[in-house]
Structures are given as C-alpha cells and as structure tokens.
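Take a look at the structure set out below.
In the text below, chain A, chain B and the rest are named by the order of the sequence lines, each starting its count at 1.
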4 protein chains.
Amino acid sequence: MAAPPNPLRRNEASRRAILDASLQLCAELGYRRLTIEAIAARAGVSKKTIYRWWPSKGAVVLEAVDDVATTVTEHPNTGDLAADLHTQLTAVIGLLTPAETSAAVGLIAEALHDEELARDLRERIIRPRIDEFKERLRQAQRDGQLPADADLDVALDLIYGPLYHRLVFHLGLPGPDELRTLLAHALRAFGPPPR
Amino acid sequence: MAAPPNPLRRNEASRRAILDASLQLCAELGYRRLTIEAIAARAGVSKKTIYRWWPSKGAVVLEAVDDVATTVTEHPNTGDLAADLHTQLTAVIGLLTPAETSAAVGLIAEALHDEELARDLRERIIRPRIDEFKERLRQAQRDGQLPADADLDVALDLIYGPLYHRLVFHLGLPGPDELRTLLAHALRAFGPPPR
Amino acid sequence: MAAPPNPLRRNEASRRAILDASLQLCAELGYRRLTIEAIAARAGVSKKTIYRWWPSKGAVVLEAVDDVATTVTEHPNTGDLAADLHTQLTAVIGLLTPAETSAAVGLIAEALHDEELARDLRERIIRPRIDEFKERLRQAQRDGQLPADADLDVALDLIYGPLYHRLVFHLGLPGPDELRTLLAHALRAFGPPPR
Amino acid sequence: MAAPPNPLRRNEASRRAILDASLQLCAELGYRRLTIEAIAARAGVSKKTIYRWWPSKGAVVLEAVDDVATTVTEHPNTGDLAADLHTQLTAVIGLLTPAETSAAVGLIAEALHDEELARDLRERIIRPRIDEFKERLRQAQRDGQLPADADLDVALDLIYGPLYHRLVFHLGLPGPDELRTLLAHALRAFGPPPR
DNA sequence: CCTTAAACGAGACGGTACGTCCGGTCTTTAA
DNA sequence: TTAAAGACCGGACGTACCGTCTCGTTTAAGG
C-alpha cells in the first residue's frame with residue numbers, strides 16, 4: 001500500500017466541505033444516489049482530493065456520521081435503567097429515521113457488502129457505544145436493577161435487536177410506547193422483576 | 001407503474017435461466033458485483049428480456065430467492081417450542097451465511113434503499129414466514145408452553161431481532177449454543193416457565 | 001434464399017397501409033429516424049408481415065416512392081426541348097425537396113451503402129426515366145434542336161449532374177432561373193445553337 | 001451547442017488513434033457498419049472520450065477524412081486547363097472509390113440526413129476546394145483558355161455534377177477517357193474554343 | 001523570508017454497466 | 001392458413017460514475 005499523505009498538510013476547510021456536502025446530499029438524494037462526483041462538485045473540491053483521504057464513498061460518509069453522532073448518542077444515567085434505555089434508543093431511532101435519507105442506514109446497507117467498511121463502522125461508531133451501554137448495565141447491576149449474573153451480550157441483543165429487525169424489513173420502527181413494551185420484556189428476560 | 005406484459009406469452013425457460021444465473025453469479029461474485037449484463041450473458045438471454053419482466057436487479061434476485069427459500073424455511077412443529085425455534089433460526093442463519101455471497105443479505109441491503117423492493121421482500125418472503133411463526137407460537141400457547149397473553153409481535157422482535165442486529169454490524173451470527181441461550185432468554189421474557 | 005411467399009395470397013390492404021405509413025412517417029421524421037417498428041405500428045401490421053414481403057426499410061420506401069413517382073415525372077413533349085427539360089427537372093427537384101423529409105433523398109443516401117437497393121432504385125425508378133429522357137432527346141435530334149451526333153449519355157450527365165452535385169453538399173437546389181441558365185449551358189455543350 | 005471542452009487538455013495521441021481507427025474500420029467494414037463502439041475498441045479509448053470531442057460518428061469520420069484529403073486534392077496548375085481538371089477529378093474519384101468502403105461516400109450519405117454534418121462537410125472540406133477550383137478557372141480566363149465572362153458556378157456544376165450523378169445511382173464513375181469526353185463537353189458549354 | 005514539495009482545483013482519461021432502442025426471427029392466438 | 005401481436009436474442013446506442021492520471025496553482029514547512 002502507498003504511504004498515506006502527510007496529514008499535516010491536510011486542508012481542514014476542504015475536509016469540512018466534503019463531510020458537509022456528503023450529509024447534505026445524502027439527505028437530499030439518499031445514500032444510494034449519492035456519488036463521489038456530486039460530493040466533489042458540491043464541496044467545490046476535486047475528486048482527487050477525496051480519493052487522497054478516503055478509500056470510498058462509505059468511508060467519507062462514515063466519517064461524516066461519526067462527527068455528528070458523537071454528541072447525539074451519549075448514554076444517559078439518571079438512575080432509572082428503563083428510562084435511560086428508552087432515551088438512548090430513541091436517539092438511535094432518530095439517527096435511522098427517515099430510512100430513505102438517513103446516512104446511518106446507508107452505511108449499514110453498504111457495510112453488508114463491504115467488510116472493511118463494516119469493520120470501521122463497528123469499531124469507530126458501534127463498539128464505543130456498546131461499551132457505554134454495557135457500562136450503564138453494570139451500573140444497573142450495582143444498583144440492583146439488574147441481576148448481577150445477567151449476560152450483558154444477550155441483553156445487548158435483546159434490547160437493540162428489535163430495532164434492526166424492524167429496520168431491515170421496513171416493519172416500522174417502534175414508537176415510544178411500543179419501545180417501552182419492548183424494553184420491559186427484554187429486561188424481564190433476566191429474572192424476576194426487582195422488588 | 002406500467003402494466004406488465006402479458007404473462008401468458010412468457011418464456012418459462014428464459015425465466016428459469018435468469019433466476020438460476022442470478023443465484024449462481026451471486027454466489028460467485030456477491031450481490032454487489034452482480035450485474036444485469038452478467039446475468040443476461042450467463043443466462044443466454046438479452047438484457048431486454050430481463051427488463052421486460054423485472055424492474056431491477058433486486059427484483060430478479062428476490063424472485064430467485066423466493067423460489068429456493070420456499071422449501072428451506074418451513075416452521076417445524078415437534079411439540080418442543082424452544083427446539084423448533086432453534087431449528088427454524090438455524091435455517092434462517094443458513095440463508096444469511098456467508099454474508100458476502102448470500103443473496104438474501106444482498107436483498108436486505110438493497111431493500112434498505114429501495115422502498116418498492118422492501119415492500120416486495122416483506123410481503124412475498126417475510127410476511128408469510130412471520131405468519132407461520134406466530135401460528136407456531138399460538139400452538140405453543142395452546143400447549144401451555146407460552147402464556148396465553150404473550151404479545152406475539154414482541155416475541156417476534158425478541159427472537160429474530162438478535163440475528164439482524166448481529167448481521168448488520170458483522171458481530172458474528174450466533175452458533176448453536178449461543179442461539180439456545182438467546183432463545184431461552186427471549187422466552188423467559190414472557191413470564192415464569194409453566195410448571 | 002427462401003422461396004418468396006406466394007404473391008397471390010398477399011393482402012393488398014396491408015400493402016397499402018404499409019406504404020402509406022412509410023411515406024407519412026418519412027415526411028414526419030425523415031428517412032433516417034423512420035423505423036420498421038414505427039411503420040408496423042402506424043400501419044396496424046405486424047413486423048413479420050413487413051419482413052415477409054420486403055427485405056429492408058429501403059425496399060419498402062422504394063416501393064412507396066415508385067408508386068407516387070410514376071405520375072409525377074413523365075417527360076413532357078411540347079416541342080420545345082429546353083422548356084420540356086425545365087419542366088421535367090422542376091418535377092425532380094420537387095421530389096428531392098425538402099431534403100430532410102424527402103423519401104427520395106433518403107433512398108439515395110441508403111443506396112450509397114446498399115448495393116442491392118441501389119440496383120433496385122436504378123432499375124425500377126431511374127432507368128425508365130433515363131430511357132424516356134433519351135427518347136425525348138432523340139425526338140429533339142429529329143426536330144433539329146440537338147445535333148444528330150450528340151452523345152446522349154453525356155447529355156444526361158450534364159443535365160442531371162448539377163442537381164445531385166448540389167444535393168449531396170447541400171449547396172441549394174437551383175431555382176427556375178438558375179435552372180434555365182444551367183440547361184442553356186448544358187445544351188450549348190453539344191454544338192452551335194441551331195440557326 | 002454546448003461549449004466544447006478545453007482543447008488544451010486534449011490528448012493528441014488519443015485523437016490520432018481515434019481518427020486512424022475510424023479510417024481503418026471504414027475501409028474494412030464500410031461506413032454503415034462502422035460503430036462508435038468499434039472505433040473506441042480499436043483505438044484503445046473509452047467511448048466517453050469520443051463523445052467528449054465529437055457529436056457523432058459522422059463528425060469523427062469527417063475530421064479523419066479532412067486530415068487525409070488535404071494533400072490528396074490540390075488543384076494542379078500546369079497551364080493546360082483540361083489536363084489539370086482531369087488530374088483533379090481523377091483524384092476526387094480516387095476518394096470516392098470503392099464506394100462501399102470509401103469514408104467520403106459514407107460522409108456524403110450521412111450528410112444527406114444530417115444538416116449539421118452537411119454544413120461541416122461543406123465548409124471544412126468542400127468549400128476550400130471549390131475556391132481553389134474557381135481560382136484555377138480564373139487563371140484559365142487570364143490565359144485565354146476560358147471566356148472572361150464564363151459563369152464559374154455553372155462551370156462547377158457542369159464539371160463536378162456528372163461525378164455525383166453517377167455516384168448516387170451507382171452508374172459507374174467515369175474512367176479516364178470518359179472523363180476526358182465529359183470535360184471537353186463541359187468546357188465547350190462556355191463558347192467556341194479560343195483560336 | 002524564501003524555497004520547494006505537497007496538496008489542491010480542474011478535468012481528461014480508460015473502463016464498466018446502465019437502461020433503451022431497434023433489427024430481424026420465432027411463437028402464440030384468433031379469425 | 002394467414003396475419004396481429006409481441007416475446008425473443010443480439011448489439012449498439014449515449015450516459016453516468018468509477019478510480020487514476022496529468023496539469024498548473026496555491027500554500028505552508030522548514031531551511
């Protein structure tokens with residue numbers, strides 16, 4: 001692989017213009033119709049500049065999403081586990097809605113065919129949030145809201161799984177009440193409800 | 001939508017050749033690198049013939065998958081709910097593995113951007129299986145293996161959700177034991193196991 | 001070559017509809033944009049029926065032009081050679097104008113690449129008129145308006161040549177006065193003007 | 001018409017390869033069977049590159065012919081008008097022979113339906129040669145080989161006309177002797193040969 | 001402060017696939 | 001038995017983007 005370009009020389013204004021253009025165009029056209037050519041044109045940048053810093057459309061959008069997602073999805077900790085999960089999942093649902101023009105959904109679709117992008121998506125975006133999620137669950141275990149022996153990986157699957165199941169088949173993402181019901185069931189899977 | 005051409009005139013041999021070529025090529029190249037041109041070439045058919053009967057690559061593959069999936073995923077009914085679900089989910093995992101060359105995974109990715117394909121995928125492939133799944137759960141309710149008031153939509157989400165959660169982030173589809181664990185938890189969400 | 005179909009079975013109504021549609025469409029679209037498909041559609045006839053009786057688009061148009069050209073271009077004989085030639089050439093110019101939508105011009109262009117069509121065009125349409133033309137010149141020789149030893153093939157070239165020279169390079173077909181001048185010069189090439 | 005791309009950036013090697021391939025293929029297949037795809041393939045160039053610089057197959061071939069025709073058809077001036085015209089017309093006949101694979105004949109046919117190509121053909125190729133031709137005739141007038149009042153436009157029609165008349169109806173282009181006869185007649189149209 | 005190497009915009013280039021059109025052949029249906 | 005309707009294979013069309021590659025022009029790092 002060729003040596004990567006010297007990051008010191010990187011033009012931050014171009015980087016921002018590219019990421020902004022990506023999200024704008026994704027919102028306007030949807031991820032699928034988004035093209036590198038259009039990003040370059042909108043950002044007032046040459047295609048070469050994009051390819052110098054990112055290997056693919058997916059990588060550009062991933063970085064753009066990473067920027068904006070950072071603030072959106074911090075796991076809250078108010079002491080009430082069910083309420084906090086509800087808040088958190090609602091934020092995630094916001095990132096995935098509307099599916100047609102959501103950059104996040106576009107990335108998920110792309111990652112299904114692109115091993116490398118999938119790895120980046122998982123490691124840079126998902127994994128840190130999984131870690132925060134588990135940390136919050138451990139807190140709940142210490143608080144006695146969740147059994148100490150609960151399998152946190154299973155919890156992750158039961159709590160986040162329904163979202164993606166519904167997303168991929170366009171079954172309609174859950175509204176607030178439905179979400180509450182789902183969470184209640186998921187938590188019940190770990191034992192008798194706390195006194 | 002334009003009226004489809006008269007299906008009476010349709011050449012069944014061409015249809016089969018097209019569907020077979022689609023699945024072959026998908027297995028060889030992966031859904032993403034699959035092209036209409038290649039399907040036409042492999043099937044010995046003109047592109048026009050494909051476009052006459054299907055609106056997009058996704059629609060072709062959907063029909064191809066529909067053909068083969070029919071037999072693969074019938075919900076068994078041995079009387080043991082957890083075992084039957086395990087069997088069923090294992091079959092579904094088979095359709096989704098390996099992700100890079102699975103036609104089903106390709107369709108799921110495509111459907112994330114294509115409303116119309118998503119509708120077809122849901123109505124022609126998924127919905128009937130959801131119905132069978134719920135029917136099996138109702139049987140379990142009659143058998144006393146599941147509380148009579150269990151919310152079957154929630155059950156669907158808790159049981160199938162983990163698969164898609166793991167699929168979209170390449171978290172590794174569950175193996176047999178992991179699957180058993182997931183199922184046990186999901187079922188526990190509906191109350192204490194019947195005496 | 002396959003035996004031609006039995007002309008006795010030929011449907012005259014279809015034949016007329018095809019020829020009429022050809023000329024209509026040629027006038028509307030120009031020869032180049034004319035297609036067999038469009039002729040069939042306009043004539044309410046299947047493509048097969050056209051291919052059964054004619055080998056190519058050119059052959060259809062040739063027959064259509066032959067029908068209408070018959071009456072248009074009979075060599076007149078009033079006794080005044082120059083005047084008669086003027087009349088005749090004016091009729092020919094009419095067939096070639098406007099060039100963009102003239103079926104005759106389309107045939108000429110097609111014949112430049114299609115040996116077989118060229119032969120048919122020459123033998124069925126052009127040759128009989130050449131014969132009439134020469135007959136008229138022989139009459140003029142008998143009348144003393146043209147030297148008895150004039151080379152009629154050369155006369156043909158000098159009299160008709162300018163039309164096609166101008167046609168192929170879009171130099172503008174001659175108007176009545178210009179045509180008179182051209183004819184006067186062409187006839188002068190055959191000797192001193194008769195006393 | 002859209003502004004053409006900046007010619008400064010143009011790749012001269014590609015341009016030459018395209019023009020060469022065009023003439024080669026035209027000689028092999030004839031103008032009619034020549035396709036942009038084949039030119040691109042033979043020239044080792046993408047179709048886009050052809051469409052970037054030329055609007056149509058005709059325009060490509062026109063430029064190719066322009067290149068080669070430049071040297072072929074310079075009007076000679078030996079002092080003997082009839083002999084010089086004979087030389088010149090022989091060169092033109094060479095460009096038009098054999099008709100099936102002559103690029104020039106292909107252009108003429110195409111120009112009959114394509115106003116824009118016709119204009120280019122006339123202005124870039126024909127007009128300069130007409131000017132040279134008339135210049136040669138004016139020289140002949142000064143030499144006393146042609147009457148001073150001869151109408152040079154008429155001379156053009158009488159001298160070149162026969163070629164195109166014969167070309168379009170495949171009547172056989174004139175050989176050397178026939179050509180001499182035609183020229184002699186055409187010149188006689190302008191009055192008694194000077195003593 | 002100046003030099004000089006890089007990053008940059010612009011965009012041409014070889015490719016691949018797109019979705020469409022039409023040519024010419026073959027099959028089905030109805031009269 | 002004929003002809004309409006039209007499906008079929010083939011092949012070229014002209015377009016859109018891909019990712020690579022010059023070009024001159026900034027521009028900022030380090031001498």
Can you measure [X] atom [atom1] to [N] atom [atom2] for me and round it to whole angstrom units?
X       : N      : atom1 : atom2 : result
D:Trp54 : F:dC13 : CH2   : P     : 15 Å
B:Leu25 : E:dT16 : CG    : C1'   : 16 Å
D:Arg42 : F:dA12 : CZ    : P     : 14 Å
D:Arg33 : F:dC13 : CZ    : C1'   : 18 Å
D:Arg10 : E:dA10 : CZ    : C1'   : 18 Å
A:Ile18 : E:dA7  : CD1   : P     : 14 Å
C:Ile39 : F:dA4  : CD1   : P     : 14 Å
A:Arg15 : E:dC8  : CZ    : P     : 12 Å

[atom2] on [Y] to [atom1] on [X], rounded to 0.5 Å:
X        : Y        : atom1 : atom2 : result
A:Glu115 : A:Leu117 : CD    : CG    : 10.0 Å
C:Lys47  : C:Thr35  : NZ    : OG1   : 8.5 Å
C:Ile125 : C:Leu107 : CD1   : CG    : 7.0 Å

Stepwise salt bridge (charged side-chain N to carboxylate O under 4.0 Å, His left out) test for B:Arg32 and A:Glu110: CA-CA 9 Å; B:Arg32 204 56 180 308; A:Glu110 190 92 316; 3.0 Å; yes

For D:Ala43 and for D:Glu37, locate the closest nucleotide of DNA chain E by heavy-atom distance; then report the residue assigned to the nucleotide nearer the 5' terminus. D:Ala43

In the 5'-to-3' direction, what one-character label does each nucleotide of nucleotides 20-31 of chain F receive under the scheme B = base within less than 4.0 Å of a protein heavy atom, S = sugar-phosphate only, - = no such atom? BBBB-----S--

Side-chain N or O of B:Thr49 versus OP1/OP2 of F:dC9: is the shortest distance under 4.0 Å? yes

Does a side-chain N or O of A:Ser14 approach OP1 or OP2 of E:dG9 to a distance below 4.0 Å, or not? yes

Side chain of [X] only, please: which of [options] is the nearest?
X       : options                : result
A:Trp53 : E:dA7, E:dG9, F:dA7    : E:dA7
A:Arg52 : E:dA7, F:dC13, F:dA3   : E:dA7
B:Ile36 : E:dG19, E:dG24, F:dC13 : E:dG19
D:Val45 : F:dG14, E:dG14, E:dC22 : E:dG14

If you pin D:Leu34 and A:Ala38 to their nearest nucleotides in DNA chain F, which one's is more 5'? D:Leu34

With nearest nucleotide decided by heavy atoms, which residue, A:Lys57 or D:Lys57, maps closer to the 5′ end of DNA chain F? D:Lys57

I'd like to know whether CZ of B:Arg124 has more than 12 heavy-atom contacts from other residues, nucleotides or ligands below 6.0 angstrom. yes

For C:Ser46, answer base if it contacts any base atom (sugar-phosphate contacts may also be present), sugar-phosphate if it contacts only those atoms, and nothing otherwise; contact means non-hydrogen atoms under 4.0 Å. base

Which pairs of donor and acceptor atoms, one on a side chain in residues 15-24 of chain B, lie under 3.5 Å apart (sequence neighbours left out)?
from: B:Arg15; atom 1: NE; to: B:Glu63; atom 2: OE2; distance (Å): 2.8
from: B:Arg15; atom 1: NH1; to: B:Glu12; atom 2: OE2; distance (Å): 3.1
from: B:Arg15; atom 1: NH2; to: B:Glu63; atom 2: OE2; distance (Å): 3.0
from: B:Arg16; atom 1: NH1; to: B:Asp67; atom 2: OD2; distance (Å): 3.0
from: B:Arg16; atom 1: NH2; to: B:Asp20; atom 2: OD1; distance (Å): 2.8
from: B:Ser22; atom 1: OG; to: B:Ile18; atom 2: O; distance (Å): 2.8
from: B:Gln24; atom 1: OE1; to: B:Arg42; atom 2: NH1; distance (Å): 2.5

Taking C:Lys57 for the side chain and C:Ile39 for the main chain, is one N or O donor matched with an acceptor at less than 3.5 Å? no

Under 6.0 Å from the ring centre and within 45 degrees of the ring axis: does the NZ or CZ of D:Arg9 meet both conditions for the six-membered ring of D:Trp53? no

